[in-house]
Amino acid sequence: MAAACAAAIALSGCASLAKPSRGRGQVLDSRTAGPDYLACMRANHLNVSEIGTNKLQIGTLPSGPTIVFAPTADMAEAEQIEGKAQGAYVIGAALVYPNSAPGSELTVIENCLGQGVKEPKA
């Protein structure tokens, strides 16, 4: 009987260790988690504004590019494939809407967003 109680206590203790100490954990900001895309773009003299929790606007609309971060690279690709991101191209978890930005500006954006992106396996 004592062994059964000890096992029950040990198992219940293990279960509580697996949970994050503050509930469900923290939500990471895709714009600054991992490589700091925002800092990279600003270091390259782009006028970048943060919009909400998952979007960057370079310059102003309608000409400046807009970047929307999906939770994962797979989800960004799925949005593009499903036609939910028309006009955008995918770099990692970022959907880049180029609008009418010049190529030189898009090159800087692509280089910043490409930091840490793994190439798909063939």
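Just so it is clear, the values below take in all heavy atoms, side chains as well, and ignore hydrogens, waters and symmetry mates. Since the model is a prediction, treat every value here as computed from it, not as a measurement.
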(request) Let me know which of Thr66, Leu106, Ile109, Ile58 forms a side-chain contact (heavy atoms from CB on, under 4.5 Å) with Pro98. (result) Leu106
When the side chains of residues 75-87 are checked against the rest of the protein, which donor-acceptor pairs come out under 3.5 Å, sequence neighbours left out?
unit_1: Gln80; atom_1: NE2; unit_2: Ala88; atom_2: O; d: 3.0
unit_1: Glu82; atom_1: OE1; unit_2: Lys84; atom_2: NZ; d: 3.1

(request) Search all heavy atoms of Gly64 against all heavy atoms of Asn99 and return the closest pair with its distance. (result) O-ND2, 2.6 Å
(message) Looking at Ile51, is its backbone amide N or carbonyl O close enough to the side chain of Gln57 to form a donor-acceptor pair, meaning the two atoms are under 3.5 Å apart?
(response) no
(request) Please report the C-alpha distance between Tyr89 and Glu110 in whole Å, then the side-chain angles of each, then the deciding distance to 0.1 Å, and finally whether the side chain to side chain contact (heavy atoms under 4.5 Å, CB included) criterion is met. (result) CA-CA 10 Å; Tyr89 59 96; Glu110 291 165 3; 2.7 Å; yes
(message) Is there a path of hydrophobic side-chain contacts, each under 4.5 Å between heavy atoms of I/L/V/M/F/W/Y residues, joining Tyr37 to Val48?
(response) yes
(request) For the residue pair Asn44 and Cys40, establish whether any side-chain heavy-atom pair is separated by less than 4.5 Å. (result) yes
(message) I want to check something: taking the side chain as every heavy atom from C-beta on, are Leu113 and Met41 in contact at a cut-off of under 4.5 Å?
(response) yes
(message) If hydrophobic clusters are built by linking Ile, Leu, Val, Met, Phe, Trp and Tyr wherever their side-chain heavy atoms come under 4.5 Å apart, do Val96 and Leu38 end up in the same one?
(response) yes
(request) Side-chain contact test, heavy atoms from C-beta onward, threshold under 4.5 Å: evaluate it for Leu56 versus Phe69 and give yes or no. (result) yes
(request) Treating Ile, Leu, Val, Met, Phe, Trp and Tyr as nodes and any side-chain heavy-atom pair under 4.5 angstrom as an edge, say whether Ile67 and Leu46 lie in one connected cluster. (result) yes
